[in-house]
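Here is the structure we will look at, set down as structure tokens.
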Protein chains: 2
Amino acid sequence: MADINQAEKYVNMTDLNEPLSRGRKGGGAKRGEGATAGGKGSPMPEAKLHEFAELLFFAYRDFTGDPDAILKDFGFGRAHHRVLHFVNRHSGLRVADLLDILNITKQSLSRVLKQLIDQGFVEQQAGSSDRRERLLYPTERGRALAERLAAPQFVRLTNALEAAGPGAEAALRAFLEAMINAEDRPKVSSIMSTMPAETRQGDKGDGT
Amino acid sequence: MADINQAEKYVNMTDLNEPLSRGRKGGGAKRGEGATAGGKGSPMPEAKLHEFAELLFFAYRDFTGDPDAILKDFGFGRAHHRVLHFVNRHSGLRVADLLDILNITKQSLSRVLKQLIDQGFVEQQAGSSDRRERLLYPTERGRALAERLAAPQFVRLTNALEAAGPGAEAALRAFLEAMINAEDRPKVSSIMSTMPAETRQGDKGDGT
DNA sequence: TGGTTTATGTCAGCCATGTTGACTTAATTG
DNA sequence: CAATTAAGTCAACATGGCTGACATAAACCA
């Protein structure tokens with residue numbers, strides 16, 4: 001799939017420190033005119049890419065903003081949300097799975113996971129085939145909170161998908177998947193295909 | 001530390017908002033469908049929305065992950081990246097604009113902005129029409145770093161846009177814009193349409 | 001003119017959440 | 001039984017959010 005052919009030139013662009021005339025320093029200078037970018041007149045693709053980067057920033061900022069407000073009332077933060085989400089959606093996963101998903105250290109995870117367990121949002125259960133494993137399940141309260149946190153995100157996503165148009169979902173999915181590190185894509189696929197079944201007990205072969 | 005009482009209060013609010021599936025009591029259960037967010041359109045399967053939420057999480061995680069390694073070599077963090085990006089792309093903006101874009105406090109901004117200024121990546125210039133304003137500009141060094149940070153993101157975005165297909169850009173843009181808080185969209189549009197030129201004077205009413 | 005508001009900067013401290021390193025415990029495995 | 005593995009824990013530290021209080025200079029206004 002699309003290699004870095006097209007993209008390569010942007011990498012090279014890194015080294016170009018183009019001497020843009022942008023400053024306009026000095027007291028009374030009015031900033032009036034352009035001196036925009038590299039001096040190529042046509043609508044540069046870089047501008048487009050910058051726009052997508054910024055849209056992504058704003059979109060994600062607001063996407064996470066909704067649950068953050070709710071979480072504050074529980075004394076939780078975004079980290080708790082992430083943990084609760086994955087425990088709820090992929091219940092029965094191991095601590096190691098969670099570490100792998102979140103890309104954080106077990107010490108960081110431990111802090112929030114402990115709070116979620118102590119306050120009755122998440123339960124642990126020893127693995128049946130390997131009793132060293134602690135399989136994680138949401139409690140009823142945990143599921144309720146997870147859904148409460150998901151609700152505004154669902155509204156947002158549904159509206160955004162609708163705004164994208166009916167046929168855009170596949171393209172959107174392809175876009176998002178391609179944004180993920182190539183080496184992590186199989187893992188992500190495996191995670192997402194793991195149903196939130198409370199029925200898993202000794203399931204560990206998710207192919208790490 | 002909100003008690004469970006509060007938790008249930010919010011759970012009830014969930015029901016007020018959205019008829020999301022609320023079954024699955026007592027550990028058993030199945031995932032239902034039928035969340036209609038926004039009220040229009042066909043019911044959006046819950047599982048699909050969860051998938052998009054997770055894809056967004058992974059995509060953004062990796063999108064922001066790339067520049068982090070570079071930033072570490074400069075002793076900077078993600079906060080510096082955000083500031084540098086917006087100063088570079090929308091140079092001449094005021095401190096207040098940046099606060100508005102980033103949604104952080106001036107004390108938080110001050111910490112990273114000061115470092116960027118002290119180390120010669122960003123320059124300030126008093127506003128010409130209002131000399132209280134400090135307009136922010138990237139230095140040559142700042143531009144070089146900004147481009148270096150952007151480069152891997154460009155690669156990623158370019159490949160992802162290609163993976164999405166040629167006609168998908170408009171839909172993607174629509175999706176991302178719709179993900180932004182409705183009340184912030186004019187502001188975002190205004191920001192994004194602000195060329196990285198010094199076109200602003202005493203512009204304060206960019207429409208909050 | 002002088003008082004008020006505004007834009008920005010700063011000090012001081014707290015909180016959430018990431019990090020590394022070292023160590024323990026329990027269970028599996030060879 | 002020894003070694004490995006999954007998980008938990010303690011301690012220390014860094015980043016980057018936050019609030020509150022206060023300072024300064026410029027603009028604005030009556």
Side-chain angles (χ1 to χ4, degrees), chain A residues 27 61 64-65 67-69 71-84 87 92-118 122-136 202-206 208, chain B residues 1 61 64-65 67-69 71-72 74-84 92-118 122-136 200-206 208:
Chain A
R61 185 196 65 178
T64 55
D68 284 352
L71 287 158
K72 220 189 292 183
D73 294 335
F74 290 83
F76 290 155
R78 198 173 298 176
H80 300 85
H81 186 193
R82 289 194 284 259
V83 170
L84 185 58
V87 169
L93 46 55
R94 299 168 304 159
V95 170
D97 297 326
L98 210 38
L99 292 177
D100 207 35
I101 289 170
L102 300 175
N103 270 354
I104 60 176
T105 60
K106 66 177 174 181
Q107 293 93 331
S108 294
L109 173 60
S110 174
R111 190 156 34 201
V112 293
L113 182 56
K114 201 179 179 199
Q115 292 175 279
L116 287 169
I117 291 170
D118 288 349
V122 171
E123 281 180 338
Q124 286 179 316
Q125 177 186 335
S128 60
S129 66
D130 185 339
R131 293 202 314 279
R132 290 173 303 180
E133 296 177 348
R134 303 299 159 88
L135 309 186
L136 302 172
D203 181 352
K204 39 179 145 180
D206 72 343
T208 308
Chain B
M1 255 203 248
R61 185 196 64 177
T64 57
D68 285 354
L71 287 158
K72 220 179 282 183
F74 291 80
F76 290 154
R78 203 170 294 175
H80 300 85
H81 186 194
R82 289 194 285 259
V83 170
L84 186 57
L93 45 54
R94 299 168 305 158
V95 170
D97 297 326
L98 210 38
L99 292 177
D100 207 34
I101 288 171
L102 300 175
N103 270 353
I104 59 176
T105 60
K106 67 176 173 179
Q107 293 92 333
S108 295
L109 173 60
S110 175
R111 190 157 33 200
V112 293
L113 182 56
K114 200 179 181 202
Q115 292 175 279
L116 288 169
I117 291 170
D118 288 349
V122 171
E123 281 180 340
Q124 286 178 314
Q125 175 186 338
S128 59
S129 64
D130 184 340
R131 293 201 320 278
R132 290 172 304 179
E133 296 176 347
R134 303 300 161 89
L135 308 186
L136 302 171
R200 24 171 68 248
Q201 287 269 12
D203 178 349
K204 0 182 144 178
D206 70 339
T208 298

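Just so it is clear: chains get the letters A, B, ... in the order the sequence lines come, proteins before strands, and each one is counted from 1.
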- Query: Rounded to whole angstrom units, what separation is found between the CG atom of B:Leu99 and the P atom of D:dG16?
  - Reply: 16 Å
- Nearest-Å distance, CG (B:Leu98) to P (D:dG17)? 11 Å
- Message: From NZ of A:Lys72 over to P of D:dT19, roughly how many Å is that when rounded to an integer?
- Response: 7 Å
- Item | Inter-residue atom distance B:Leu113.CG - B:Gln124.CD, 0.5 Å rounding | 6.0 Å
- In terms of side-chain heavy atoms of A:Val95, which of C:dT10, C:dA7, D:dA7 is nearest? D:dA7
- Task: Using a cut-off of strictly less than 4.0 Å, decide whether A:Gln124 has a side-chain nitrogen or oxygen near OP1 or OP2 of D:dA7.
- Result: no
- Identify the heavy atoms of B:Arg61 and A:Asp100 that sit nearest to each other, and give their distance. NH1-O, 4.4 Å
- Write down the distance between CD1 (B:Ile117) and C1' (C:dT8), rounded to a whole number of angstrom. 11 Å
- Query: Shortest non-hydrogen contact from B:Val112 to B:Ala79?
  - Reply: CG1-CB, 3.7 Å
- Message: To check you understand the geometry: which heavy-atom pair defines the closest contact between A:His81 and A:Leu71, and what is its length?
- Response: CB-CD1, 3.6 Å
- Verify side-chain contact (heavy atoms from CB on, under 4.5 Å) between A:Leu136 and A:Glu123, making sure each step is shown before the conclusion. CA-CA 6 Å; A:Leu136 302 172; A:Glu123 281 180 338; over 6 Å; no
- Message: Between the opening five pairs and the closing five pairs of the helix from C:dT1-D:dA30 to C:dG30-D:dC1, how far apart are the helix axes, to 10°?
- Response: 20°
- Task: Return the nearest nucleotide to the side chain of A:Arg134; candidates are D:dA7, C:dT8, D:dA27.
- Result: D:dA7
- Task: Take atom CG of B:Leu84 and atom P of D:dG16, then tell me their distance rounded to the nearest Å.
- Result: 13 Å
- If you look at every heavy atom in A:Arg134 and A:Arg131, which pair is closest and at what distance? NE-O, 4.4 Å
- Note on the structure: 5' to 3', nucleotides 15-25 of chain C under a 4.0 Å protein heavy-atom cut-off (B base, S sugar-phosphate only, - none) gives --BBBBBB---
- Distance, nearest 0.5 Å, that separates CD of B:Gln115 from CG of B:Asp118: 8.0 Å
- Please report the shortest heavy-atom distance between B:Leu116 and B:Leu84, naming the atom on each side. CD1-N, 4.2 Å
- Query: Can you tell me how far OG of A:Ser108 sits from CG of A:Asn103, rounded to the nearest 0.5 angstrom?
  - Reply: 11.5 Å
- In whole angstrom, what separates B:Arg132's CZ from D:dC28's P? 6 Å
- Length of the line joining A:Arg94:CZ and C:dA27:P, which is rounded to integer Å: 17 Å
- Query: Between C:dT10, C:dT8, C:dT6, which nucleotide gets closest to the side-chain atoms of B:Ser110?
  - Reply: C:dT10
- Rounded to whole angstrom units, what separation is found between the CG atom of B:Asp118 and the P atom of C:dT10? 9 Å
